[in-house]
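Structure record follows, encoded as structure tokens.
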2 protein chains.
Amino acid sequence: MRLVIARCSVDYAGRLTAHLPSAPRLILVKADGSVSIHADDRAYKPLNWMSPPCTLKEGGGDGDGAENVWTVVNKGGEKLIITMEEVLHDSSHELGIDPGLIKDGVEAHLQELLADRMETLGEGWSLIRREFPTAIGPVDILGRDRDGVTVAVEIKRRGEIDGVEQLTRYLELLNRDPHLAPVKGVFAAQEIKPQARVLATDRGISCVTLDYNALRGIQDDKLRLF
Amino acid sequence: MRLVIARCSVDYAGRLTAHLPSAPRLILVKADGSVSIHADDRAYKPLNWMSPPCTLKEGGGDGDGAENVWTVVNKGGEKLIITMEEVLHDSSHELGIDPGLIKDGVEAHLQELLADRMETLGEGWSLIRREFPTAIGPVDILGRDRDGVTVAVEIKRRGEIDGVEQLTRYLELLNRDPHLAPVKGVFAAQEIKPQARVLATDRGISCVTLDYNALRGIQDDKLRLF
DNA sequence: CATTCAATCTCGACA
DNA sequence: TGTCGAGGTTGAATG
């Protein structure tokens with residue numbers, strides 16, 4: 001990864017045409033050849049970028065001696081032209097390939113724990129199975145209450161409206177199956193937003209706030225982010 | 001803007017929970033307090049990030065002496081926890097506020113030029129107006145052919161399928177207006193992808209390849225990116 | 001402040 | 001390879 005801080009102007013011509021007037025910016029050249037240009041605000045989105053696979057050529061390439069012009073092109077014929085006016089910093093660093101992001105670590109764990117302790121949801125409740133498959137995706141937990149009524153449980157770390165919508169779709173589908181119907185819904189999360197609670201209640205879905213540490217039964221400072 | 005290259009592990013807890021195992025990465029701390037973590041690939045998307053407004057605290061904050069732990073929190077209670085294991089580079093740079101991106105410079109210019117030279121599209125063609133308003137957005141150019149038939153022109157720098165779809169929607173709407181109907185469609189671009197051309201032709205929309213320099217009539221090396 | 005909608009959306013899965 | 005759908009979507013514009 002190469003980090004360049006430079007006063008530069010930038011022209012992009014591809015899916016649209018765009019121009020950045022001269023200003024100091026960060027130019028990020030990554031090992032895969034991709035280039036992005038960042039201002040000193042906004043974490044997520046670069047001002048300008050070229051996605052890999054692409055190639056960077058320093059110098060105009062026309063042999064016109066414009067060595068301060070960088071040209072980045074990709075397969076689709078998109079071009080990013082960076083005119084360097086003053087380089088303030090330039091360093092390179094070997095990072096190697098990244099092991100990558102592990103998502104839902106805690107949510108998966110919550111599901112595991114809850115499946116093992118269905119009595120958390122109610123006395124006499126039992127597990128049918130985790131990740132119960134349906135046509136529109138797996139239901140986190142399918143179980144039975146003490147009366148043998150089927151229960152679909154949706155687990156989120158933070159319970160928001162879209163989670164309730166998701167569970168509602170599962171319930172609608174599951175209730176079409178005469179072998180399962182009637183199916184009750186339980187919305188379980190470490191934290192449930194008021195709006196989500198109202199919507200769930202309105203739809204006859206019960207809400208359960210989960211205590212991660214209590215479920216684990218032990219403390220683990222490394223994972224206890226809150 | 002602060003650039004830190006460090007071997008680190010990262011935990012995010014917010015709209016979801018996610019974890020990055022220990023590896024060397026770039027940590028970008030911007031003037032607005034936002035933080036993003038980049039691997040050595042992918043130009044656009046950070047591995048992990050925290051959008052502003054948010055606050056960064058170096059050190060665990062528990063007084064536990066974990067000074068190598070950075071904690072970033074925002075209003076919504078989202079947390080990003082970076083555990084620094086080995087700092088390989090750390091530099092700060094003053095960039096100031098960015099003048100920002102100017103989009104569509106050339107596309108807007110193309111529209112201007114074409115409106116002034118409707119005969120480019122056909123002998124005797126004339127302009128009704130640019131940015132002709134409709135309920136679903138403005139049509140780039142509305143004009144008439146030599147027979148007085150209304151023509152809707154969609155202009156793109158690169159003609160792709162979505163441009164044809166857009167023009168199709170305009171045509172459908174415009175043809176419902178008895179004062180205008182029948183309305184013909186013209187898809188004009190500096191470069192038209194084969195797929196887009198096929199789709200347009202299939203829908204009775206004619207395609208025109210625009211020559212920017214010919215339309216301008218003069219050369220301008222500064223703007224001529226191709 | 002909530003809501004809607006476009007984006008150089010990106011990114012992964014699947015046919 | 002193209003298409004489809006989700007995303008910690010982000011970000012701007014609007015009521």
Side-chain angles (χ1 to χ4, degrees), chain A residues 10-20 32 34-39 41-54 72-81 100-107 136-137 156-158 160-163 165-166 169 191 193-195 225, chain B residues 10-20 32 34-39 41-54 72-81 100-107 135-138 156-163 165-166 169 191 193-196 198-199 225:
Chain A
V10 183
D11 288 283
Y12 165 76
R15 279 164 285 184
L16 59 72
T17 52
H19 175 74
L20 280 170
D32 61 358
S34 66
V35 177
S36 56
I37 293 153
H38 283 262
D41 61 355
R42 273 172 302 178
Y44 192 84
K45 196 181 175 183
L47 284 168
N48 234 324
W49 69 94
M50 185 64 72
S51 299
C54 59
V72 193
V73 295
N74 73 359
K75 291 273 182 190
E78 294 175 285
K79 274 193 186 185
L80 191 66
I81 297 174
L101 191 65
I102 301 164
K103 287 184 178 178
D104 288 332
V106 170
E107 186 171 321
I136 57 172
K156 293 284 178 200
R157 211 192 62 83
R158 310 177 109 204
E160 304 190 9
I161 278 183
D162 58 346
E165 296 288 8
Q166 191 180 347
R169 290 193 296 273
E191 177 193 345
K193 299 265 173 171
Q195 288 185 341
L225 297 173
Chain B
V10 183
D11 288 284
Y12 164 76
R15 276 165 285 183
L16 58 71
T17 53
H19 175 75
L20 280 170
D32 63 356
S34 66
V35 177
S36 56
I37 293 154
H38 283 261
D41 62 355
R42 271 171 301 181
Y44 190 84
K45 196 182 177 183
L47 284 169
N48 235 324
W49 69 95
M50 186 64 73
S51 299
C54 60
V72 193
V73 294
N74 74 356
K75 290 274 183 192
E78 294 175 285
K79 276 193 184 185
L80 190 67
I81 297 176
L101 192 66
I102 301 163
K103 286 184 179 179
D104 286 333
V106 170
E107 186 171 322
I136 56 172
K156 293 284 178 201
R157 210 194 63 81
R158 311 178 101 204
E160 304 188 8
I161 277 183
D162 59 347
E165 296 288 8
Q166 191 181 348
R169 290 193 296 272
E191 179 192 344
K193 298 266 174 171
Q195 289 185 340
V198 168
L199 181 64
L225 298 174

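Naming: A, B, ... by sequence-line order, numbering from 1 per chain. Because only heavy atoms are used, hydrogens play no part in the values below, and waters and symmetry mates are left out as well, while side chains stay in. Because the structure is predicted, anything quoted here is derived from the model rather than measured.
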Check: How many angstroms lie between atom NZ of Lys75(B) and atom SG of Cys54(B), to the nearest 0.5 angstrom?
Finding: 11.5 Å

Notebook entry, point to check: Would you say dC9(C) has OP1 or OP2 under 4.0 Å from some side-chain N or O of Arg15(A)?
Noted result: yes

Checklist line | Main-chain N/O of Leu16(B) paired to Asp104(A) side chain as donor or acceptor, under 3.5 Å | finding: no

Item checked: Rounded distance (Å) that lies between atom P of dT8(C) and atom NE2 of His19(A) -> 17 Å

Checklist line | Nearest-nucleotide 5' precedence on DNA chain C, Lys103(B) against Ala43(B) | finding: Lys103(B)

Check: Between the base of dT10(D) and the side chain of Tyr44(A), is there a donor-acceptor distance below 3.5 Å?
Finding: no

Next item on the list: With side-chain contact (heavy atoms from CB on, under 4.5 Å) as the test, would you mind laying out the steps for Tyr12(B) and His19(B) before giving the verdict?
Entry: CA-CA 6 Å; Tyr12(B) 164 76; His19(B) 175 75; over 6 Å; no

Notebook entry, point to check: Considering only the P atoms, how many Å lie between dC4(D) and dG8(D), rounded to the nearest integer?
Noted result: 22 Å

Note to self: Please determine whether the number of non-hydrogen atoms from other residues, nucleotides or ligands lying under 6.0 Å from atom CD of Gln195(A) exceeds 12.
What the structure shows: no

Note to self: Please give the distance between the P atoms of dT8(C) and dT4(C) as a whole number of Å.
What the structure shows: 22 Å

Check: For the pair made of NZ in Lys45(A) and C1' in dG11(D), what is the distance, rounded to whole Å?
Finding: 7 Å

Item checked: 5' precedence on DNA chain D between Met50(B) and Arg42(A) (nearest-nucleotide basis) -> Met50(B)

Check: Rounded to whole angstroms, how far apart are CG on Asn48(B) and C1' on dT9(D)?
Finding: 14 Å

Margin query: Applying a 4.0 Å non-hydrogen cut-off, can you work out what Leu101(B) is touching in the nucleic acid: base, sugar-phosphate, or nothing?
Written below: base

Note to self: Measure CD/Glu160(A) against C1'/dG8(D) and give the value in whole Å, please.
What the structure shows: 10 Å

Item checked: Atom pair CD (Glu160(A)) and CZ (Arg15(B)), whose distance is rounded to the nearest 0.5 Å -> 8.5 Å

Next item on the list: For Asp162(B) and dC5(C), give me the distance from atom CG to atom C1', rounded to whole Å.
Entry: 15 Å

Margin query: Distance check needed: dG7(D) P versus Glu107(A) CD, whole Å only.
Written below: 11 Å

Checklist line | Rounded distance in Å - CD (Glu78(A)) to C1' (dA7(C)) | finding: 13 Å

Margin query: Need to verify one output field. Residue with the more 5' nearest nucleotide on DNA chain C, Leu16(A) or Pro52(A)?
Written below: Leu16(A)

Next item on the list: Answer yes or no: does a side-chain N or O of Trp49(A) lie under 4.0 Å from OP1 or OP2 of dT10(C)?
Entry: yes

Margin query: What is the separation between atom CG on Asn74(A) and atom P on dC9(C), rounded to the nearest whole Å?
Written below: 12 Å

